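Labels below follow one simple rule: chain letters A, B, ... track the order of the sequence lines, proteins then strands, and each chain is numbered from 1. Every value quoted in this text rests on a predicted model; they were computed, and no experiment measured them. Computation of the quantities below employed the complete heavy-atom set of this structure, encompassing side-chain atoms and omitting hydrogens, waters and symmetry-equivalent molecules.
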2 protein chains.
Amino acid sequence: MTASTTPGRRPPSQQIADELRQAIADGSLGPGARLPSERALAQEYKAARNTAARALQLLEEQGLITIEHGKGAFVRERQRLFRFGNDRYSFRHRATGLTPFRLEVTQQGKEPRVDVVGITREDPPEDVGERLGVAGPGSVLHRENHYFADDEPVQIVSTFLRWDEVHDTPLMQPKTGKNGIYGRLEDLGHVMTTGRDEVTARMPTPEETETLRLPAGVPVVEVLHTSFDQNGEPFEVTRYVHRADRTGLVYDFPVDQTEEDA
Amino acid sequence: MTASTTPGRRPPSQQIADELRQAIADGSLGPGARLPSERALAQEYKAARNTAARALQLLEEQGLITIEHGKGAFVRERQRLFRFGNDRYSFRHRATGLTPFRLEVTQQGKEPRVDVVGITREDPPEDVGERLGVAGPGSVLHRENHYFADDEPVQIVSTFLRWDEVHDTPLMQPKTGKNGIYGRLEDLGHVMTTGRDEVTARMPTPEETETLRLPAGVPVVEVLHTSFDQNGEPFEVTRYVHRADRTGLVYDFPVDQTEEDA
DNA sequence: CCAACTCACTGGCTTGAGCCAGTTCTGGCT
DNA sequence: AGCCAGAACTGGCTCAAGCCAGTGAGTTGG
């Protein structure tokens, strides 16, 4: 045997995808450029339309192109529009009177909008309950917001608070007043002193695909944020879901110089 | 017209996918469980085999199942094995004599391995050049390593250093000695004082799919790390590529309490 | 002038057939 | 008992044909 499994030739659909991928990589198909139609590709490569369609699907799954019904397939524009990170929680934004999200969006010349989707008493998801230190039916208040820039959905934000603490406060209302929920949590004696962000990525659920209006082949970034107060107690957990192709996260941190093991 | 676009019925392949997804969600198909074969599904739903196959593909793209040639389709086990974050750079791991990676892997009872894939002089990628403050042909040293746990690939790590600074140092060698590259960079006068991680997620390139042995429908998490020394100067940039389904990132950070705008 | 219609395009999805390539079971032969 | 070949499964991929549903431009009628 020469090599294992005889590399031989790749199947036609993958060959077509390879050639198109190459054309995108070397710039002969620039961002926004339209690819040949399925029928045209099929003819060009003497393959069935199915096969050409499969090739385009492969590229879409790899996040290289977007396919639009009735219009065609287009090389995806790479644009990383939003940058979030530990800065998102910084107090220094308060001088502007804008939330970090509104600041970011207006700086880009777009119109921010927040939809309050629901404020409900709920059973906490397992990961949230663990972090917030609660369990049992109805032990959390769940505030779900959807954020938009120029009517384009940007992120899904689910905030969880301890029901016992907040059920008779302005945190039950859609409008939470100056400095938002963190302002009200300070009224309750919780000043965010440290934060923890747990970051994962995955493919979106069908619901997320719909609410974020995601094209195929775009993962989501999920951030599970926990806020700790001046006593080191967790008092708020928020789950952020962003589309990965439009969002970057930036974390700046000091490096611990002490050599003792924890 | 009642509603827009007549919600009507979803296409058969999506209906099949929906029912299977439901079965996975409610636990009647647990992790590791085997799904019916394409031919069985086709018969059950009175559809063509193609249609059943399409349904399974949809679930694979959504990261819910893995399809294995000759074996069948299986509900994916969710396992988040590795947790990295700002802790990855902490000096306190030095007491153990192990790198954070080896520590993490051995704690899981697995055998860590690092392959040094290449140590080459290169033209810096644009994003790296900007952050490292260099440009031009041959201005960086690129060290590429692949990390494994029990021969399973875990991460691809590309470190970039300024060629001018390191070309006659042990940093050219595969083995860098005590405390690794950060130890040698300290010899050169750079102590990591702050770090910045820029986190993004995307679908893998075909090369990454191969080296990380990724099943379909698994995104990758890319971390572009920049190290700053005691003078606030960047001296090292590293790109980490992880498979998203096995990796979580954790960032702990103090929250800046000063209200002045930057 | 503008609205409405028509038609030629685009992709979405299905059918049913077929061949190929991994995997696993099974039964027969040593 | 142990091995080994083949049968019976699995998915991978293709073909050719067809119908449906968005899109957009060009035409037609008010």
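- When the side-chain nitrogen and oxygen atoms of Thr51(B) are compared with OP1 and OP2 of dC13(C), none of them lie within a distance under 4.0 Å.
- Evaluation of the ring pair (Phe, Tyr, Trp, His ring centres under 6.0 Å) rule for His225(B) yields Tyr89(B) as partners, not counting sequence neighbours.
- Listed by chain and residue number, Phe101(A), Arg102(A) satisfy the side chain to side chain contact (heavy atoms under 4.5 Å, CB included) test with Thr99(A) (two or more places apart in sequence, or in another chain).
- The listed nucleotides are dG12(D), dT14(D), dT14(C); the one nearest the side chain of Pro12(B) is dT14(C).
- When rounded to the nearest whole Å, the span between CD of Gln57(A) and C1' of dG12(C) equals 9 Å.
- Atom CD in Gln15(A) sits roughly 19 Å away from atom P in dG12(D) (whole-Å rounding).
- One atom, CD of Gln43(B), and another, C1' of dT15(C), lie 16 Å apart when rounded to the nearest Å.
- For Glu38(B), the side-chain atoms get nearest to dG12(D) when compared with the rest of dT14(C), dT10(D), dG12(D).
- Pairs engaging residues 52-65 of chain B under the salt bridge (charged side-chain N to carboxylate O under 4.0 Å, His left out) rule: none recorded [sequence neighbours left out].
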So which protein N/O to nucleotides 19-21 of chain C N/O distances come out below 3.5 Å?
{"from": "dA21(C)", "atom 1": "N3", "to": "His69(B)", "atom 2": "NE2", "distance (Å)": "3.0"}

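- For Phe82(A), there are no ring pair (Phe, Tyr, Trp, His ring centres under 6.0 Å) partners at least two apart in sequence or on another chain.
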Under 3.5 Å, which donor-acceptor pairs do the side chains of residues 32-42 of chain B form with other protein atoms, sequence neighbours left out?
{"from": "Arg34(B)", "atom 1": "NH2", "to": "Lys71(B)", "atom 2": "O", "distance (Å)": "3.0"}
{"from": "Ser37(B)", "atom 1": "OG", "to": "Ala40(B)", "atom 2": "N", "distance (Å)": "3.1"}
{"from": "Glu38(B)", "atom 1": "OE1", "to": "Arg49(B)", "atom 2": "NH1", "distance (Å)": "2.7"}

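- Straight-line distance from the CD atom of Glu68(A) to the C1' atom of dT10(C): 11 Å, rounded to whole Å.
- Put simply, CD1 on Ile65(A) is 15 Å from P on dT10(C), counting in whole angstrom units.
- The pair Arg246(B)-Glu152(B) counts as a salt bridge, with a side-chain nitrogen and a carboxylate oxygen less than 4.0 angstrom apart.
- Listed by chain and residue number, Thr66(B) satisfy the side-chain hydrogen bond (donor to acceptor under 3.5 Å, both in side chains) test with Arg76(B) (two or more places apart in sequence, or in another chain).
- Leu56(B) places its CG atom 9 Å from the C1' atom of dG11(D), with the value rounded to the nearest Å.
- Remark on the helix from dC1(C)-dG30(D) to dT30(C)-dA1(D): inter-end axis angle 10°, axes from five-pair C1' superpositions, rounded to 10°.
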Given salt bridge (charged side-chain N to carboxylate O under 4.0 Å, His left out), test Asp127(A) with Arg239(A) step by step and report yes or no.
CA-CA 10 Å; Asp127(A) 51 356; Arg239(A) 190 192 311 277; 3.0 Å; yes
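- Taken residue by residue, residues 209-218 of chain A places no heavy atom nearer than 4.0 Å to DNA chain D.
- Residue contacts for Ala47(B): at a heavy-atom cut-off of 4.0 Å it reaches the sugar-phosphate backbone alone, with no base atom in range.
- The nearest whole Å value for the distance from the CZ atom in Arg54(B) to the C1' atom in dT15(C) is 15 Å.
- Nearest-nucleotide assignment on DNA chain D puts the 5′-proximal partner with Gln14(A), out of Asn50(A) and Gln14(A).
- Within the structure, every side-chain polar atom (N or O) of Ser37(A) is placed at least 4.0 Å from both OP1 and OP2 of dC9(C).
- Residues satisfying the ring pair (Phe, Tyr, Trp, His ring centres under 6.0 Å) criterion with Tyr240(A), sequence neighbours excluded, are absent altogether.
- Look at CG on Leu41(A): it is 11 Å from P on dT10(C), rounded to the nearest Å.
- Using a 4.0 Å cut-off between charged side-chain N and carboxylate O, Glu122(A) and Arg143(A) make no salt bridge.
- A side-chain hydrogen bond (donor to acceptor under 3.5 Å, both in side chains) check over residues 15-25 of chain B, counting only residues at least two apart or in different chains, returns the pairs Arg10(B)-Asp18(B), Asp18(B)-Arg21(B), Glu19(B)-Tyr45(B), Arg21(B)-Gln62(B).
- Taking the nucleotide of DNA chain D with the nearest heavy atom to each of Lys71(A) and Lys46(A), the more 5' of the two is matched to Lys46(A).
- By the ring pair (Phe, Tyr, Trp, His ring centres under 6.0 Å) test, His142(B) is found to be paired with Phe160(B), residues two or more places apart in sequence or in another chain being considered.
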